Amino acid sequence: MPSETTTVSPQWQEKANDFFSTSGVKLKAAGNIFGEAAKEAKENVADVAERVGSIMRSRWSIFQQNNLRPGSKEAVQERFLSVAASTGTLFRRGISETKEKCVVGKLKVEEVAKKTAQRSKSILTNIERWQKGVASTDVFGVPIEITVQRQQSLKPIPHILVSCADYLVLSGLSTEYLFKNEGDKKVIQQLISLYNQDWTASLPDGINPVDIGILLKCYIASLPEPLITFDLYHEVRNARSSIHAIRNILKKLPSVNYMTLEYLTALLLRVSLKSPLNKMDAGSLAVEMAPLIIWQKEQRPEFFSRYCNFSFKGSSDKSLDRTPSTRSAWDNLSETDANMEASSAIPLDDGLPTTDFSSIEVIQCLIQQHNAIFTDANETTWR
């Protein structure tokens, strides 16, 4: 589990204090606007009444004078009606303006209060996540349990993994060398940024299935701790020849890890069944995926660095080295290949002595014997 601190970082402490201070000022200003509007409304009513009274007195005086003149009765009556109409219009206009100012003032206060409440809830949530070393919206590099908790879904599997799997099942299982061929670096960087900004995002139509496969691999490789946790690394590798032993060991995994591993290997099984078309059988898939699913502390897979130049605090840390900013740390992606040395990308199937064949055997077994190993998992269904 990720370690949690009990104090807010200095950057967030300052940010929070500044926000709540400015929010108080905004609410006070909005209240003053409403108060001034109400005060002005009261003055407007009095002013309108006084003006109407003055006009009425003036018109009445003229009416009395004209009424004494012979032959002016009809003219005076017409003038009186005109004065009454104009006076009524003036009064209604004054009252209408007064009401409008009061409504505007009230809406202003409500608007500011609503925005303040929403923003304060957001900032407090962000503080809590930053205390865990996680940006508020990031998906890549975030402990899997936090990602699933954020989703508040009945399905304890990261949304991005489900999206990738659904996309591939619908239109990508027959793609040659799926999960092996290199993808379009720029497209993959854009997809990483998309999901870090909105974990509920949907994959755009028309994406090459190879790029979706690489995106899925990037997500698995970015996890601070592998799906098969550090504690079970040696135990599961030593049990690679026994389906029964592997099954019992995997039951020790956290529920989120177990369900996600079952879902992922179910997808790989579907891919392997299309191997006559995609040329990726269970063994080939295991070579590609094993180094991302099983690895020791201090031996983090370098796969993700091919597509995103992000530095981890250390392989043994459960959280990443992040500092609050308006821009996601994962958006600091390399725009060119010039900064990446040819040796920085470590092929996973090049036969180097460092290849972990025991881990490859484990993953191959999970793929080929999926239904026998994950007997108590919910049956994986596809869209």
Side-chain angles (χ1 to χ4, degrees), residues 1-3 132-134 138-147 158 161 179-180 182-183 188 192 213-241 245-246 249-250 252-254 256-258 260-261 264-265 268 283-322 329-330 334 339-367:
M1 294 294 291
S3 59
K132 297 179 180 180
V134 181
D138 281 1
V139 170
F140 288 79
V142 177
I144 191 171
E145 63 270 22
I146 293 180
T147 297
L161 184 58
F179 292 114
K180 181 176 182 178
E182 294 292 324
I188 294 165
I192 290 173
I214 297 300
L215 178 68
L216 185 152
K217 291 175 69 176
C218 280
Y219 173 70
I220 298 299
S222 76
L223 293 175
E225 185 169 3
L227 284 179
I228 297 181
T229 57
F230 296 137
D231 292 340
L232 299 182
Y233 174 80
H234 293 291
E235 192 173 354
V236 75
R237 290 168 72 257
N238 292 336
R240 62 187 180 277
S241 59
I246 291 178
I249 292 170
L250 294 184
K252 299 178 184 180
L253 287 171
V256 172
N257 293 57
Y258 183 86
T260 301
L261 182 63
L264 175 60
T265 49
L268 297 177
S284 299
L285 291 168
V287 169
E288 296 298 322
M289 300 302 297
L292 313 181
I293 298 174
I294 309 176
W295 46 276
Q296 295 187 80
K297 291 183 180 180
E298 310 303 334
Q299 292 184 8
R300 171 175 291 280
E302 296 294 328
F303 178 84
F304 188 64
S305 65
R306 305 182 196 181
Y307 300 93
C308 181
N309 57 348
F310 187 88
S311 297
F312 292 86
K313 285 167 58 177
S315 298
S316 60
D317 293 337
K318 285 280 290 192
S319 59
L320 305 181
D321 186 11
R322 304 173 187 273
W330 292 94
S334 174
N339 296 329
M340 187 175 294
E341 297 179 2
S343 60
S344 64
I346 301 178
L348 304 181
D349 60 343
D350 57 3
L352 289 176
T354 56
T355 299
D356 189 346
F357 292 107
S358 296
S359 295
I360 292 174
E361 288 183 43
V362 171
I363 300 305
Q364 183 172 348
C365 180
L366 294 185
I367 296 172

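Quick caveat: nothing in here was measured; it's all calculated off a predicted structure.
- A distance-only check finds no donor-acceptor pair linking the side chain of Arg237 to the backbone of His234 [under 3.5 Å].
- To the nearest 0.5 angstrom, Leu285 atom CG is 10.5 Å from Lys180 atom NZ.
- Of the listed residues (Ile249, Val256, Leu250), just one forms a side chain to side chain contact (heavy atoms under 4.5 Å, CB included) with Leu253, and that residue is Leu250.
- Salt bridge Asp231/Lys252: absent, no basic N to carboxylate O contact under 4.0 Å.
- Closest approach of Pro226 and Trp295 over heavy atoms only: CB-NE1, 3.2 Å.
- Closest approach of Ile188 to Cys218, counting heavy atoms only: CG2-SG, 4.3 Å.
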Quiz item: Please walk me through it: do Phe140 and Leu215 pass side-chain contact (heavy atoms from CB on, under 4.5 Å)?
Solution: CA-CA 10 Å; Phe140 288 79; Leu215 178 68; 3.6 Å; yes

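- When each of Val362, Ile228, Leu366 is tested with Ile293 by the rule side chain to side chain contact (heavy atoms under 4.5 Å, CB included), just one qualifies, namely Ile228.
- You'll find the side chain of Pro158 reaches within 4.5 Å of the side chain of Ile144, heavy atoms only.
- For the atom pair Ile363 CD1 and Ser358 OG, the distance stands at 12.0 Å (nearest 0.5 Å).
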Quiz item: Passes side-chain contact (heavy atoms from CB on, under 4.5 Å), Tyr233 versus Ser359? Steps please.
Solution: CA-CA 9 Å; Tyr233 174 80; Ser359 295; 4.2 Å; yes

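- The main-chain N or O of Pro224 is found under 3.5 Å from a side-chain atom of Arg300 such that the two form a donor-acceptor pair.
- Atom-to-atom distance recorded for Leu232:CG and Ile294:CD1 is 10.0 Å, nearest 0.5 angstrom.
- Here the closest non-hydrogen pair linking Lys217 and Phe179 is NZ-O, 2.8 Å.
- Residues Gly183 and Ile214 approach most closely at N-CG1, 3.8 Å, considering heavy atoms.
- Taking CZ of Phe357 as the start and CD of Gln364 as the end, the distance is 12.0 Å to the nearest 0.5 Å.
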Exercise. Give the intermediate values and the outcome of side-chain contact (heavy atoms from CB on, under 4.5 Å) for residues Ile220 and Leu216.
Key: CA-CA 6 Å; Ile220 298 299; Leu216 185 152; 4.1 Å; yes

Quiz item: Between Leu292 and Tyr219, is a side-chain contact (heavy atoms from CB on, under 4.5 Å) present by the stated rule, with each step listed?
Solution: CA-CA 9 Å; Leu292 313 181; Tyr219 173 70; over 6 Å; no

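- In plain terms, the two heavy atoms of Thr260 and Leu161 that are nearest each other are CG2-CD2, 3.4 Å.
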